[in-house]
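I have placed the structure first, in the form of C-alpha cells, so that the comments after it can refer back to it.
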Amino acid sequence: MSTLELLPAVDVRDGQAVRLVHGESGSETSYGAPLEAALAWQRAGAEWLHLVDLDAAFGTGDNRDLIRQVTASMADMNLKVELSGGIRDDASLAAALATGCTRVNLGTAALETPEWVAKVIAEYGDKIAVGLDVRGTTLRGRGWTRDGGDLYETLARLDSEGCSRYVVTDIAKDGTLQGPNLELLKNVCAATDKPVVASGGVSSLDDLRALSELVPLGVEGAIVGKALYAKAFTLEEALAAVKP
Ligand SMILES: O=C(O)c1ccccc1NCC(=O)[C@H](O)[C@H](O)COP(=O)(O)O
C-alpha cells in the first residue's frame, strides 16, 4: 500500500505563521516566522509543505516576498511546496509558479472563472490542483467567505476538464482539532478517480491512521496544521504513524 503523504501547513498572515479556526479572518493564533516553521518541518523529515498566503486569499494584501523566500529555501532542500491563496489570474499564477513551487492550489478561481481554470489545467497539467473547500456540500471561495456552488457538480466539471488532483477541506473542521471528515473524503473519492489531499481537523495520530486507510480509495495525502503547532504530536511521530 502507498504511504499517505503528509503536508505540514504554513499559513501566512501579515508576515507571520498563523492558524485560524474555520478559516475565519480574525481567529488567528500566531506561531512566529514562516521560514522558521517551514525549516522545522523540513528538519523533522517533511517531503512536502502546504504554504498558504492568507492575505492574498482574503484580499487583504499579500506576503509574496516572504512566500517566495520560503519556497526557494525549501526547493534548495528538495522539499516540495504546494502553494495556495489568491491565485486567480495569469499574473498571480505566473508569480506563484515562478517561486519554484511544485504545484499550486486554485480555489476561488475554480468557482468564479471556470474558463480560465480549464485553460490553465490544460496548459499546466499536474502543476495545478484545485481546492474544494466546503461547508456541507457547498463550496466556499474568497478566503472561504462566499458560497460558490455545489461540490459534486463542480467536481464533475473539473474532472471533465482533466484536473489532476483535489485538496478537500471541510471548513467546519479546519483548525478545530476535531478530526477529519472521513465521510466527506470517502464520498469525494467515490466521485472522482483523481487523487485527493485531505485537509482540516487532524488532531491525533489515530486520525492519520484513519486517513491512511483511505489511501486505497484515493486519498493521497493529508495537510496537518493546528495539531503540529499545538504539539499534539511531532511530525516525526506522524511520519512513523503513516508508514504501512
Ligand atoms: O488554503 C487556502 O487557500 C485557505 C484560504 C482561506 C482560509 C484558509 C485556507 N487554508 C487553510 C489551510 O490550508 C490549513 O492550513 C489546513 O486546512 C490545515 O488545517 P488544520 O490541520 O485543521 O489546522
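One-based numbering, in listed order, for ligands and for the atoms of each.
Side chains of Ser204 and Arg209: a donor-acceptor N/O pair is absent below 3.5 angstrom, by distance only. With no hydrogens or angles considered, no side-chain donor-acceptor pair links Asp76 and Ser73 at under 3.5 Å. Judged purely by distance below 3.5 Å, without hydrogens or angles, the side chains of Tyr166 and Asp159 pair a donor atom with an acceptor atom. Using modelled atom types and a 3.5 Å distance limit, the side chains of Asp55 and Thr60 yield a donor-acceptor pair.
The shortest heavy-atom distance from Ala227 to ligand 1 is not under 4.0 Å. Heavy-atom distances between Gly131 and ligand 1 stay at or above 4.0 Å for every pair. Heavy atoms of Gly200 approach ligand 1 to within less than 4.0 angstrom.
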task: Start with the C-alpha distance between Arg140 and Asp147, add both sets of side-chain angles, then the distance that settles salt bridge (Lys or Arg N to Asp or Glu O under 4.0 Å), and finish with yes or no.
output: CA-CA 5 Å; Arg140 303 278 284 174; Asp147 283 351; 2.5 Å; yes
- request: Decide yes or no on salt bridge (Lys or Arg N to Asp or Glu O under 4.0 Å) for Arg68 and Asp53, but give the supporting numbers first.
  value: CA-CA 11 Å; Arg68 201 181 302 119; Asp53 188 339; over 6 Å; no
task: Quick one: do Glu28 and Arg19 satisfy salt bridge (Lys or Arg N to Asp or Glu O under 4.0 Å)? Show the steps, please.
output: CA-CA 5 Å; Glu28 290 92 331; Arg19 284 303 305 127; over 6 Å; no
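Clustering ILVMFWY residues whenever any of their side-chain heavy atoms sit less than 4.5 angstrom apart, transitively, puts Val197 in a cluster other than the one holding Val81.
In summary, the atoms of ligand 1 found under 4.0 Å from a heavy atom of Ala57, numbered by their order in the structure, are 5 (C). Interface of His50 with ligand 1, defined as ligand atoms under 4.0 Å from a residue heavy atom, comprises 12 (C), 13 (O). Taking every heavy atom of Val52 and a limit of under 4.0 angstrom, the matching atoms of ligand 1 come to 1 (O), 2 (C), 3 (O), 4 (C), 13 (O). Annotation for ligand 1: atoms under 4.0 Å from non-hydrogen atoms of Ala9 are 15 (O). The distance from ligand 1 to the heavy atoms of Ile223 drops below 4.0 Å at these ligand atoms: 16 (C), 18 (C). Near Lys226, meaning under 4.0 Å from one of its heavy atoms, ligand 1 places the atoms 20 (P), 21 (O), 23 (O).
Some N or O of Gly225 is nearer than 3.5 Å to an N or O of ligand 1, by distance alone. Considering backbone and side-chain atoms together, Ser199 places an N or O closer than 3.5 Å to an N or O of ligand 1. Considering backbone and side-chain N/O of Thr176, none are found under 3.5 Å from N/O of ligand 1. Of the polar atoms of Gly175, at least one N or O is found under 3.5 Å from an N or O of ligand 1, judged by distance alone. Among the atoms of Leu20, none of the N or O lies under 3.5 angstrom from an N or O of ligand 1. Considering backbone and side-chain atoms alike, Asn105 places every N or O at 3.5 Å or more from each N or O of ligand 1.
What sits closest to atom 9 (C) of ligand 1 on the protein, heavy atoms only, is Trp144 CZ2, 3.3 Å. Nearest to atom 11 (C) of ligand 1 among the protein's heavy atoms is Asp11 OD2, 3.3 Å. Protein heavy atom in closest approach to atom 20 (P) of ligand 1: Arg19 NH2, 3.5 Å. The protein atom (non-hydrogen) at minimum distance from atom 1 (O) of ligand 1 is Ser84 OG, 3.2 Å.
Taking the six-membered ring for Trp and thresholds of 30 and 60 degrees, Tyr31 and Tyr229 have ring planes inclined between 30 and 60 degrees apart.
Smallest separation of non-hydrogen atoms from Ala222 and Leu4: CB-CD2, 4.0 Å.
With sequence neighbours excluded, the residues satisfying side-chain contact (heavy atoms from CB on, under 4.5 Å) with Glu153 are Asp150. For Glu123, the side chain to side chain donor-acceptor pair (under 3.5 Å) criterion is met by no residue, not counting sequence neighbours.
Contacts between Leu54 and ligand 1, counted as non-hydrogen atom pairs separated by less than 4.0 Å, involve the side chain only. Residue contacts with ligand 1, taken as heavy atom pairs separated by less than 4.0 Å, involve Asp174 via backbone and side-chain atoms alike.
Ser164 contributes a side-chain N or O that, together with a main-chain N or O of Ile128, makes up a donor-acceptor pair within less than 3.5 Å.
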